[in-house]
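One structure is given here, and the rest of the page talks about it.
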Amino acid sequence: MAIVVFKSSLDFRTVSVTIVHTLRGSEVFWWEKTCWCRRLREPRFPPPGRFQQQGAGRQTDLDRCMDSRPGIRILIKASTVVSAKFRVLSLSLLLSLLGLSVWSSGVYADESGAVSEPANADAALSTGESLEKERRWLDAIQHYDASLEKFPEDKPLTYALRRARIHHGIERRYSDRSFEEMLTRRGKAELLNQWEEVYRQVQREYLEPITATRFTSHGTESLYMALKNDEFLKKNLPNRDNQAVNRVRQTLIAEYWNRPVESVAGARNLINAVCELCRREMQLAPSAVILEYVFGGCNSLDDYSNLLTPDRYNDLYGSIQGELVGIGIEMKAVKGRGMQLVNVLLNSPAEEGGLKPEDFIVAVDGRECRDMTTDEAAKLLRGTVGSRVELTYENPAGKEQTGEFVRRRVQIRSITRNVMLDPVQGIGYIRMEGFQDDTAQELDEALRSLERQGMRALIWDLRGNPGGLLDTAAAVVERFIDQGVLVSTKGRSEGQNQVYRAHGQYARKYPLALIVDQNSASASEIVAGAIRDHERGVIVGRKTYGKWSVQTIVRMPGDSGMAIRLTTARFYSPDDRNYSGKGLEPDVMVPQGETSQVTFFRNRTSDEINSDPDVVQAVEALETRMSKK
């Protein structure tokens with residue numbers, strides 16, 4: 001048994017909290033203060049960030065960091081969209097929840113596929129580590145997120161979530177064509193300038209001040225993690241000396257972890273020193289090192305801020321306009337089964353070719369993808385307008401088919417269903433999946449159609465709606481509120497402080513029931529907050545996600561093609577409430593069902609929609625209100 005004690009030095013250049021690591025074989029235990037904590041597969045070092053005084057030592061805060069939120073949406077509307085005033089070279093507000101997983105479940109499957117909940121934090125950690133060993137980063141992230149709901153104070157789980165997010169971000173980058181071009185075509189000086197420009201944008205725009213020490217230290221952490229990441233190593237160090245790699249990792253901990261940096265020049269000197277270390281010990285190219293500082297530095301920001309590669313930015317910009325190139329699917333990787341279709345877009349090549357939600361893509365152009373990550377399969381699915389792709393897919397029962405699909409521009413509709421549920425009582429239903437440029441126009445058309453059919457009350461379904469445009473959220477809720485504040489924003493600069501008010505031009509007066517769930521976020525929560533505070537309708541379902549912040553997209557200068565998404569303000573309901581991290585409770589709580597239909601009745605009959613528990617409660621609430629008139 002070996003015991004190693006790390007103590008903070010006066011200049012904070014070493015690890016920032018006293019820890020004792022006890023090594024038993026390949027396992028690592030750690031002792032902190034007076035409590036034994038769960039085993040980890042590698043030593044747990046404090047994350048980079050602000051120092052907080054704690055007793056005789058100092059401990060860093062556990063900043064939650066990530067390259068992007070869990071969940072990948074492929075060739076369809078991204079969950080993040082920007083305001084109607086967005087221009088490529090300008091700043092504009094956006095409400096962002098990129099990749100909020102509409103399929104998030106919070107349950108756990110054993111090897112047989114049986115679903116179970118972890119009995120304790122040890123069991124949860126063990127399950128998560130198994131997922132990490134298989135490089136199932138999204139599953140690991142969702143697993144740790146759900147486990148921390150049950151064990152919120154567990155430090156090993158918190159660290160494991162952080163680790164999984166960093167590795168997920170690294171692997172996403174290394175499956176990105178435009179990132180690979182940056183890696184191979186840009187020189188050291190150009191990338192150092194890129195790092196500096198990213199940091200200066202963070203200083204100018206981000207909601208809270210971020211020191212150069214904090215930003216740089218997160219880059220060091222990202223490089224430390226990358227040197228244990230299979231994709232990073234395969235690309236950059238295929239013939240590596242593992243002992244040299246381990247020496248560099250230990251040097252990063254001993255000499256650079258949370259090392260104080262007083263200025264941008266000091267940060268550049270530190271990065272240069274790390275580049276020289278990596279070149280000398282491992283022959284690692286400086287571009288690979290600097291890009292970990294460029295992207296890893298953004299791990300110091302909140303969950304909704306991150307750096308976008310050119311391809312990610314182009315996808316996002318396409319979704320802003322309500323149009324993307326592809327076959328029109330949302331998918332997630334299921335180990336051993338392939339790419340499960342979470343959704344198939346309306347009037348898309350995928351829908352026209354017979355693909356259905358819950359199908360599994362098992363091969364792309366003859367290349368099997370049963371064990372690929374979502375990003376790896378997405379790379380194969382990308383292509384230009386008019387190009388063809390052959391897909392082999394299975395239905396849930398395992399029946400296999402093959403079809404050819406032609407990629408084209410896919411129009412992304414916000415409203416995917418509007419139907420009369422009860423013509424006798426005049427109850428209509430509208431399903432809205434996003435808040436885009438033309439969502440208000442779509443809503444007007446849907447309302448007029450239902451009103452022509454005799455609608456006298458409306459069920460507005462925002463379940464699984466991850467948000468979208470700030471301006472659009474205010475515009476659509478104004479269809480039901482005739483006066484007063486709809487939403488306000490408050491930020492670090494005066495320009496981020498805005499108040500959106502109703503003008504009484506479009507408001508309908510009939511009874512309204514709003515359905516939300518745990519994946520209703522951002523702009524959906526603006527709607528829910530306004531409906532609640534103005535007492536305009538009844539809210540049914542489950543507590544909303546709790547994402548009450550505003551993001552700005554900044555296009556990076558020059559020809560890099562990159563952009564950075566930064567949280568620049570928080571938004572507040574008409575009564576000046578912010579539900580960030582908490583979510584908004586519905587008036588009528590409906591328990592979560594055992595299964596979740598993410599397409600929410602696009603092809604269902606009115607009778608089938610009426611059988612949904614959330615809809616049942618919404619109808620009852622409307623009937624009660626209508627009977628009192």
Under 3.5 Å donor-acceptor, [X] side chain and [Y] backbone:
{"X": "D422", "Y": "I427", "answer": "no"}
{"X": "E525", "Y": "G546", "answer": "yes"}
{"X": "N343", "Y": "M331", "answer": "no"}
{"X": "R163", "Y": "E132", "answer": "no"}
{"X": "Q194", "Y": "E190", "answer": "no"}
{"X": "T184", "Y": "E180", "answer": "yes"}
{"X": "S287", "Y": "L183", "answer": "yes"}
{"X": "T127", "Y": "A123", "answer": "yes"}
{"X": "R431", "Y": "R463", "answer": "yes"}
{"X": "S305", "Y": "T567", "answer": "yes"}

Which atom of [X] lies closest to which atom of [Y], heavy atoms considered:
{"X": "C369", "Y": "A363", "result": "SG-N, 3.7 Å"}
{"X": "K547", "Y": "A521", "result": "CB-CB, 4.4 Å"}
{"X": "A440", "Y": "A475", "result": "CB-CB, 4.3 Å"}
{"X": "L161", "Y": "I141", "result": "CD1-O, 3.8 Å"}
{"X": "P118", "Y": "S147", "result": "CG-OG, 4.4 Å"}
{"X": "F435", "Y": "S524", "result": "CE1-OG, 3.5 Å"}

Rounded to the nearest 0.5 Å, what separation is found between the [atom1] atom of [X] and the [atom2] atom of [Y]?
{"X": "R542", "Y": "S520", "atom1": "CZ", "atom2": "OG", "answer": "8.5 Å"}
{"X": "D139", "Y": "T374", "atom1": "CG", "atom2": "OG1", "answer": "8.5 Å"}
{"X": "S126", "Y": "L131", "atom1": "OG", "atom2": "CG", "answer": "9.5 Å"}
{"X": "F232", "Y": "L227", "atom1": "CZ", "atom2": "CG", "answer": "5.5 Å"}
{"X": "E351", "Y": "I327", "atom1": "CD", "atom2": "CD1", "answer": "12.5 Å"}
{"X": "N299", "Y": "M225", "atom1": "CG", "atom2": "CE", "answer": "9.5 Å"}

Would you tell me whether [X] and [Y] have side-chain atoms, one donor and one acceptor, within less than 3.5 Å of each other?
{"X": "N519", "Y": "Y545", "answer": "no"}
{"X": "R407", "Y": "S387", "answer": "yes"}
{"X": "E433", "Y": "S414", "answer": "no"}
{"X": "D311", "Y": "T309", "answer": "no"}
{"X": "N236", "Y": "Y174", "answer": "yes"}
{"X": "E442", "Y": "Q436", "answer": "no"}

Using side-chain contact (heavy atoms from CB on, under 4.5 Å), reason through D437 and T472 one step at a time and then give a plain yes or no. CA-CA 7 Å; D437 276 335; T472 298; 5.6 Å; no
Check against side-chain contact (heavy atoms from CB on, under 4.5 Å), V419 and I609: CA-CA 10 Å; V419 64; I609 297 175; 3.9 Å; yes
Applying side chain to side chain contact (heavy atoms under 4.5 Å, CB included) to R337 and not counting sequence neighbours gives V334, F360, E394
Does P396 have any side chain to side chain contact (heavy atoms under 4.5 Å, CB included) partners at least two apart in sequence or in another chain, and if so, which? E358, D359
Of the options R312, R177, R382, R173, which is the one that meets D375 in a salt bridge (Lys or Arg N to Asp or Glu O under 4.0 Å)? R312
Determine the interplanar angle of the W137 and H167 rings, folded into 0 to 90°, and report it as parallel if under 30°, tilted if 30 to 60°, perpendicular if over 60°. parallel
Enclosure of K356 NZ (heavy-atom neighbours >12, cutoff 6.0 Å): no
Indicate yes or no: at least one non-hydrogen side-chain atom of [X] is less than 4.5 angstrom from one of [Y].
{"X": "L462", "Y": "I515", "answer": "no"}
{"X": "E292", "Y": "V289", "answer": "no"}
{"X": "L355", "Y": "F405", "answer": "yes"}

Do [X] and [Y] sit within salt-bridge range, that is, some charged N less than 4.0 Å from a carboxylate O?
{"X": "E376", "Y": "R172", "value": "no"}
{"X": "D230", "Y": "K235", "value": "no"}
{"X": "E134", "Y": "K335", "value": "no"}

side-chain contact (heavy atoms from CB on, under 4.5 Å) assessment of L514 paired with V540: CA-CA 6 Å; L514 186 72; V540 176; over 6 Å; no
Go through L380 and D365 one step at a time and tell me if the side-chain contact (heavy atoms from CB on, under 4.5 Å) criterion holds. CA-CA 8 Å; L380 299 178; D365 286 331; over 6 Å; no
Using the rule given for side chain to side chain donor-acceptor pair (under 3.5 Å), can you reason through D461 versus Y429, listing the C-alpha separation, both sets of side-chain angles and the distance that settles it, and then say yes or no? CA-CA 7 Å; D461 189 350; Y429 171 90; 2.6 Å; yes
Test salt bridge (Lys or Arg N to Asp or Glu O under 4.0 Å) applied to E181 and R186, step by step: CA-CA 8 Å; E181 289 183 357; R186 296 189 184 174; over 6 Å; no
